[in-house]
Amino acid sequence: MGSVGVKESSQDLIQLPIINASDTSLENGRRLVDAAIKYGFLYISPEGTLFTESLVQSQFDLSKQFFAQPISEKEKYKIGTDNRGFTGMHNEILDPSKDSKEFKEAFNMGEFDGNRLPQQKMPEWLATGANLEQLRSFEIACRTTCNQVLDLIGVGLEVKDGTNWFSRRHGQPSGCTVRLLHYPSLPEGTDYSLDTDVRAGAHSDYGSITLLFQRPSQPGLEIRPPDRSDVWSPVPVFPLSYPSTTLPPILVNIGDLLSYWTSGLLRSTVHRVIFPSDTKAGEDRYSIAYFNHPLDEAQLVDVPSRIVREHKEKLSSSGVEDEREHGYGGGTTGQRAMTAKEHLMKRLGATYKVRVER
Ligand SMILES: O=C(O)CCC(=O)C(=O)O
Ligand SMILES: [Fe+2]
């Protein structure tokens, strides 16, 4: 996949804070919001959330089992226009004539219905019994954690109408998705080019926030820090002096919609996944992303926050009023969207036009 014109990886690691999502103090909210403004990325420690080591491990076990199936089996659950289902290796090629490739496969699971059942075709073994319970528990832990983070953002932004201003605007139906990802290692002699072929090309996420779960020895995520748009900064799976070596913290990033909603104050930062540089073959990488979206009908009205208002005033006094300037990762163009669903549709439309994935 073609990058956005930035090839160098910076060796100076950025230091993202590790936040305990259950600490609802103003000080903690400010720490989180500061990171969301500066980097658009931060870590959440599993302590203080519903995520246990076994809940995360079991979800990765199911993911491995899913991707280990023959391609003919996986293709039975092929992704549809609802963005749910399986997408195979190199399916998300940007420009087929250039033969640039993305070495990954993914399975998107949309939210479960009111009876807590999948609203999409799923393999029988995955959507029944203990495995279904696992998927449900994981989805609930994701939603709950996102609400904690959204509330903490409300605290940090000193939202006037209560700290649950954002979480009240989340629920069902929405575009929330659990995405299982598999980036295979490359067999010796595979034809690939570091410059054009990556595991996941440069993109920003669409929704309000994303949770990313990674495995200990499978790095590769890089971000383009908003204040250093000429470099790619690797984000380590484990930050320095992290107490666990088996359960990494959850990486959280701000999506386009939350950036747009806060007039670009919170950053939707561009990121990508590269191959490990030491060995071409490397190890397979498995990751799981949870894309959190507001209620489809959530109105994207002004956030009642002095901090957001002052940011907006600063923007308009400096002449930056164009909606395109809102949201680091792309935002929307044209008229301001009214609802979350409208925003998603616009964003998808823009995405297909410029052919940037996700
Ligand atoms: O696998 C990863 O680390 C990142 C995946 C990602 O950014 C995405 O699917 O939006
Ligand atoms: Fe992403």
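Only this structure's heavy atoms are used, side chains among them; waters, hydrogens and symmetry mates stay out. Here the structure is a predicted model, which is why all the values come from computation and not from measurement. We count ligands from 1, going down the list as the structure has it; atoms in each ligand are counted the same way.
Taking the N/O/S atoms of D205 in turn, the shortest distance to the Fe ion (ligand 2) belongs to OD1.
Per-residue contacts place F291 under 4.0 angstrom from the following atoms of ligand 1 (heavy atoms of the residue considered): 8 (C), 9 (O), 10 (O). For ligand 1 and R285, the ligand atoms under 4.0 Å from any heavy atom of the residue are 1 (O), 2 (C), 3 (O). Every atom of ligand 1 is numbered from 1 in the order shown, and the set under 4.0 Å from a heavy atom of Y183 is 1 (O), 2 (C), 4 (C), 5 (C). Annotation for ligand 1: atoms under 4.0 Å from non-hydrogen atoms of V273 are 1 (O), 2 (C), 3 (O), 4 (C). Close contacts between ligand 1 and H271 involve ligand atoms 7 (O) [criterion: under 4.0 Å to a heavy atom].
A 4.5 Å side-chain heavy-atom check between P236 and Y43 finds at least one atom pair inside the cut-off.
Between F107 and Y77, the two ring planes are perpendicular [angle over 60°; tilted spans 30° to 60°].
Counting heavy atoms closer than 4.0 Å to ligand 1, residue T210 contributes nothing at all.
A salt bridge between E111 and R143 is present, with a side-chain N of the basic residue lying under 4.0 Å from a carboxylate O of the acidic one. With respect to E27 and R31, no salt bridge is recorded, no charged nitrogen being found less than 4.0 Å from a carboxylate O.
K74 forms no cation-pi arrangement with F67, by the criterion of a distance under 6.0 Å to the ring centre and an angle within 45° of the ring axis.
Remark: the backbone N or O of F166 is not paired with any side-chain donor or acceptor of W261 at under 3.5 angstrom.
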